[in-house]
Each structure stands twice: as structure tokens, then as C-alpha cells.
Asker: 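Here it is, the structure in full.
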Amino acid sequence: MRVREKPQFKTLYGYLRMEKELLGKYTMPGIGFGTLGNTGDAGCALVEAALAEGYRYIDTSRYYGNEEAVGRALARSSVPRGDVWVTTKLLHPRTPPQPDLRFELDKSLRLLQTDYVDLLLIHWPRPDVSLEWALGEFAALRAQGKARTIGVSNFPTALLRQALGIVGDLAANQIEYHPYLNQRPLLYLMRERDLVLIAHSPLARGKVLDDPVLQEIAKRRQLSVAQVALRWIVQQERVVAIPGAQNVEQLRENLKVLDFTLTNDEMTAISALARGTRIVNPKHGPAWDPA
Ligand SMILES: NC(=O)c1ccc[n+]([C@@H]2O[C@H](COP(=O)([O-])OP(=O)(O)OC[C@H]3O[C@@H](n4cnc5c(N)ncnc54)[C@H](OP(=O)(O)O)[C@@H]3O)[C@@H](O)[C@H]2O)c1
């Protein structure tokens with residue numbers, strides 16, 4: 001059953017209605033700022049700007065090399081830490097081996113200048129790392145309060161079922177999801193098991209912006225194409241989006257998708273655009289669900 005809160009809170013620019021997905025006693029905002037590529041001082045400034053604009057959800061990873069920049073922004077911002085959902089990820093196949101996950105999370109917490117993350121994710125399934133071991137360590141870190149919730153990323157259906165067999169109450173699976181990629185089997189499984197689908201690369205890194213159907217809806221509704229694509233995502237039950245942004249204008253535009261709704265016909269027309277386009281498809285990726 002869908003339970004979605006719609007409280008209002010004040011930002012620099014007025015009141016914003018922020019949709020949230022409930023996860024036990026915690027709530028995950030419906031839209032977040034994905035910080036891949038936003039490093040150093042410029043990355044820090046953009047995260048700070050995102051918080052000032054009203055974002056209450058920041059997505060990072062050890063692999064992004066920007067936990068320190070995100071931490072500085074969180075520390076500088078006037079937004080209280082408790083009001084921000086912070087996700088980080090460990091175990092990316094291209095990071096150095098991480099045999100001591102307790103040590104690694106402590107390092108992330110130091111860099112992020114916080115005592116806990118709201119969500120800790122396994123960045124990618126890794127055949128060279130025991131899933132049972134990794135999730136067991138994550139569950140222990142959750143029990144210690146260092147990660148409020150735990151989950152996975154880039155897990156197709158079979159692997160997600162396996163993960164849920166090890167820890168039954170995972171909070172989320174962060175996967176590529178946009179109008180060009182149908183993820184229905186995963187979405188249905190996640191709804192059944194009460195996980196949140198976190199849509200990464202929700203604009204297909206800009207590929208959906210030239211789509212004529214999205215452009216027509218955007219023109220008719222006086223919205224941007226990015227807003228239409230993001231609204232299609234966040235309007236779905238148990239789905240949130242973490243678009244990236246290069247500047248404050250994009251950040252601002254992307255946050256406004258919580259202010260309007262698409263009609264059922266518009267939602268259906270956008271769902272029909274799926275064509276199996278997968279932007280994030282590295283060699284180390286798992287066997288994906290058929291698209
Ligand atoms: N778990 C994983 O393995 C994984 C993998 C990939 C990404 N992610 C997460 O997902 C987040 C988002 O992914 P992403 O940044 O790669 O792709 P994305 O969100 O699909 O695309 C972001 C890019 O689209 C453009 N854009 C953003 N807002 C726009 C707007 N309003 N109008 C026009 N263009 C706009 C910007 O690029 P330009 O201005 O240059 O066009 C921006 O860098 C990442 O930051 C990361 O947090 C996770």
C-alpha cells in the first residue's frame with residue numbers, strides 16, 4: 001500500500017511540497033541530488049547550493065571521490081544534518097579492495113562529517129565479494145546506528161531476491177531508470193517487498209531530452225523536458241529520483257517536479273517510450289533483466 005507524506009517546508013525561495021517515501025520510522029525524500037562528477041570545491045559549492053535550494057537528499061559514493069566535498073557542504077549549510085537524507089555506497093568494483101567494511105564506513109563518516117548515513121548501499125554486485133558477508137557487515141553497521149538503512153545498487157531481479165534472502169528488510173535498490181528503460185519486473189518485486197526504487201541516471205544522461213513525446217508534453221504543460229521525465233519517475237509508487245546537475249539552474253528546475261502531476265494519459269504515453277536503452281552498462285555489470 002502506498003503511504004506518501006506531502007509536508008511543506010521552507011526553503012530560501014519559499015515553501016516546497018516535498019514528497020517522501022516512508023521506510024519504517026524514516027522518510028526518504030522523493031527527489032535528491034546525485035553528485036557523481038561533482039568533486040572538490042566546485043562540487044562542495046553545488047551541494048551547498050542544492051541544500052539552499054531545498055534539496056534534502058544527497059547521493060554520493062566512495063567511488064565518486066567526493067565524500068569530503070559533500071561533508072564540507074553539509075557542515076557549512078544552515079540546514080540541520082537531521083533534515084538531510086545522505087546516501088553513500090561502498091564496494092564499487094573499481095575502488096581498492098574493501099575487506100574491512102566497518103573501517104570503510106567509519107572513513108566515509110569522517111569524510112562526510114557525520115555520525116551516520118541514512119542509507120548505505122552495495123554499489124555493484126561483485127562476484128569476487130561474498131554477498132552474505134557484505135550484507136551481514138552492513139546489517140551489523142545498521143545495528144550500531146552508523147547506517148540507518150541499508151540496501152543495494154544495480155541488482156537485477158535474481159540477485160535482489162538472493163540479497164533479500166540474506167537480509168529481508170533491505171530499504172532500497174538504486175538502479176538505472178528513465179523513460180527509455182523498462183524496469184517493471186524489478187519495480188514490482190520492490191513494491192512487493194517494500195523497497196524503494198531509487199532511479200539513477202533518470203535523464204539517461206540527457207538522452208531523453210530530445211524525445212518528441214516528452215517535448216510535446218513539456219510544451220503543452222509549460223514545463224521543461226527534464227521536468228516531465230523526472231515527474232514521470234517520481235509520480236510512480238515507491239520510486240524516487242536522484243538527477244545530476246551541472247549548475248544551480250538545473251538543480252532548481254529539477255526540484256520543481258514535486259509541484260505538479262502528470263495525467264494518466266501522459267504517464268501512459270511516457271511509459272510507452274521504453275526501448276531498452278541502458279546508459280550505465282560497464283563490463284563488471286551483472287546479467288541484467290531482459291528489457
Ligand atoms: N548506482 C550507480 O551505479 C549509479 C550510476 C550512475 C549514476 N548514479 C547516480 O545517479 C545520479 C544521476 O546520474 P547522472 O548524473 O549520471 O545522469 P542524469 O541524472 O540522467 O543526467 C544528469 C545530467 O543531465 C543534465 N541535466 C540535469 N538537469 C537538467 C535540466 N534540468 N535540463 C537539462 N539538462 C539537465 C546535466 O548534464 P549537461 O548539462 O552536461 O547536459 C546533468 O549532468 C548520479 O549523480 C549518481 O548519484 C548512480
Side-chain angles (χ1 to χ4, degrees), residues 23-29 32-41 43-44 46-48 50-51 55-77 79-155 163 166-174 195-196 198 200 242 284:
L23 278 166
K25 55 186 170 173
Y26 305 116
T27 53
M28 184 191 293
F33 175 32
T35 65
L36 173 64
N38 302 114
T39 55
D41 291 346
C44 172
L46 208 54
V47 173
E48 221 183 323
L51 293 168
Y55 282 81
R56 293 297 178 268
Y57 176 178
I58 306 294
D59 179 87
T60 181
S61 165
R62 174 65 54 78
Y63 173 66
Y64 300 167
N66 67 0
E67 287 174 312
E68 187 272 338
V70 170
R72 257 191 296 143
L74 288 169
R76 277 191 204 166
S77 166
V79 178
R81 167 67 186 92
D83 289 357
V84 187
W85 182 278
V86 179
T87 299
T88 198
K89 317 181 196 85
L90 294 172
L91 291 170
H92 190 287
R94 291 205 197 109
T95 49
Q98 298 177 335
D100 185 343
L101 292 177
R102 298 170 198 221
F103 170 84
E104 297 296 342
L105 182 58
D106 279 343
K107 181 172 169 184
S108 290
L109 296 181
R110 261 195 322 278
L111 292 168
L112 289 165
Q113 302 193 39
T114 184
D115 296 332
Y116 66 92
V117 287
D118 297 273
L119 175 61
L120 176 65
L121 297 175
I122 295 181
H123 202 146
W124 282 88
R126 293 181 55 159
D128 59 330
V129 172
S130 153
L131 187 57
E132 205 146 36
W133 167 77
L135 285 174
E137 292 295 291
F138 272 32
L141 289 162
R142 182 177 60 180
Q144 287 172 25
K146 292 183 175 182
R148 286 192 159 167
T149 63
I150 58 174
V152 295
S153 178
N154 298 306
F155 272 48
I166 299 165
V167 174
D169 58 349
L170 296 176
N173 186 13
Q174 184 180 120
L195 274 77
V196 174
I198 303 168
H200 78 57
I242 49 164
H284 59 69

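Reckoned from all heavy atoms, side chains included, excluding hydrogens, waters and symmetry mates.
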Asker: Measure the CG-CZ distance between Leu131 and Phe138 for me, rounded to the nearest 0.5 Å.
Answerer: 10.0 Å

Asker: What distance separates Tyr64 OH from Thr39 OG1, expressed to the nearest 0.5 Å?
Answerer: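 Result: 13.0 Å between the selected atoms.
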
Asker: Can you tell me how far apart CG (Leu109) and OH (Tyr116) are? Round to the nearest 0.5 Å.
Answerer: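 It is 10.5 Å, given to the nearest 0.5 Å.
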
Asker: How close do His92 and Arg126 get, counting heavy atoms only, and between which atoms?
Answerer: O-NH1, 3.1 Å

Asker: If you look at every heavy atom in Ala134 and Val129, which pair is closest and at what distance?
Answerer: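 Closest approach of Ala134 to Val129, heavy atoms only: CB-CG1, 4.3 Å.
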
Asker: What pairs meet the side-chain hydrogen bond (donor to acceptor under 3.5 Å, both in side chains) rule with one or both residues in residues 130-139, with sequence neighbours excluded?
Answerer: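 Pairs touching residues 130-139 that pass the test: Arg102-Glu137.
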
Asker: For Leu170 and Ala163, work out which heavy atoms get closest and say how close.
Answerer: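 Closest pair (atom of Leu170, atom of Ala163, distance): CD1-CB, 3.8 Å.
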
Asker: Decide yes or no for Val117 and Leu105: does some side-chain heavy atom of the first lie under 4.5 Å from some side-chain heavy atom of the second?
Answerer: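 Side-chain contact under 4.5 Å: yes.
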
Asker: Should Thr87 and Ile242 count as side-chain neighbours, where that means a heavy-atom distance under 4.5 Å?
Answerer: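 Sidechains of Ile242 and Thr87: no contact.
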
Asker: Do you know which two heavy atoms are closest between Ala171 and Leu119, and how far apart they sit?
Answerer: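 Taking Ala171 first and Leu119 second, the nearest heavy atoms are CB-CD1, 4.3 Å.
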
Asker: May I ask you to decide if Cys44's main-chain N or O and Arg76's side chain share a donor-acceptor pair within less than 3.5 Å?
Answerer: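 Side chain of Arg76 to backbone of Cys44, a donor-acceptor pair under 3.5 Å: no, none is there.
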
Asker: Dump the intermediate steps for side chain to side chain contact (heavy atoms under 4.5 Å, CB included) on Asp118 and Thr149, then the final yes or no.
Answerer: CA-CA 6 Å; Asp118 297 273; Thr149 63; 5.5 Å; no

Asker: Between Ser153 and Gln174, which heavy-atom pair has the shortest distance, and what is it?
Answerer: OG-O, 2.8 Å

Asker: Could you tell me if Thr60 and Glu67 have a donor-acceptor pair between their side chains, going purely by distance under 3.5 Å?
Answerer: no

Asker: Within the side chain of Arg72, is there an N or O that forms a donor-acceptor pair under 3.5 Å with the backbone of Ala75?
Answerer: no

Asker: Side-chain contact, heavy-atom cut-off 4.5 Å: Leu36 with His200?
Answerer: no

Asker: Within the structure provided, determine whether Ile58 and Val84 are in side-chain contact (heavy-atom separation under 4.5 Å).
Answerer: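 They are in contact (side-chain heavy atoms under 4.5 Å apart), so the answer is yes.
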
Asker: Answer yes or no: is there a side-chain heavy-atom contact under 4.5 Å between Thr88 and Leu120?
Answerer: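 They are in side-chain contact.
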
Asker: Report yes or no: does Gln98 contribute a side-chain atom to a donor-acceptor pair with the main-chain N or O of Leu91 at less than 3.5 Å?
Answerer: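 Side chain of Gln98 to backbone of Leu91: a pair is present.
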
Asker: Check Ala139 against Val167 and note the closest heavy-atom contact, atom names and distance.
Answerer: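 Nearest heavy atoms, Ala139 then Val167: CB-CG2, 4.4 Å.
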
Asker: Can you tell me how far CG of Leu51 sits from CG of Leu46, rounded to the nearest 0.5 angstrom?
Answerer: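 So the gap between those two atoms works out to 10.0 Å.
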
Asker: Taking salt bridge (Lys or Arg N to Asp or Glu O under 4.0 Å) as the cut-off, I'd like each qualifying pair that reaches into residues 84-101, sequence neighbours left out, listed once.
Answerer: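 Applying salt bridge (Lys or Arg N to Asp or Glu O under 4.0 Å) to every pair that reaches into residues 84-101, excluding sequence neighbours, yields Asp59-Lys89.
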
Asker: Checking Asn66 side chain against Thr35 main chain: does a donor-acceptor pair fall under 3.5 Å?
Answerer: yes

Asker: At what distance, to the nearest 0.5 angstrom, does CD1 of Ile122 lie from CZ of Phe155?
Answerer: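 It comes to 4.5 Å.
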
Asker: Here's a test for you: under side chain to side chain contact (heavy atoms under 4.5 Å, CB included), which of Val86, Thr114, Val47 qualifies with Leu74?
Answerer: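 Going through the options one by one, the only one that passes is Val86.
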
Asker: Hey, what do you get for OH (Tyr63) to OG1 (Thr95), rounding to the nearest 0.5 Å?
Answerer: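 Going from OH on Tyr63 over to OG1 on Thr95, the span is 9.0 Å.
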
Asker: Test side chain to side chain contact (heavy atoms under 4.5 Å, CB included) on His123 and Arg62; report intermediate values, then the result.
Answerer: CA-CA 9 Å; His123 202 146; Arg62 174 65 54 78; over 6 Å; no

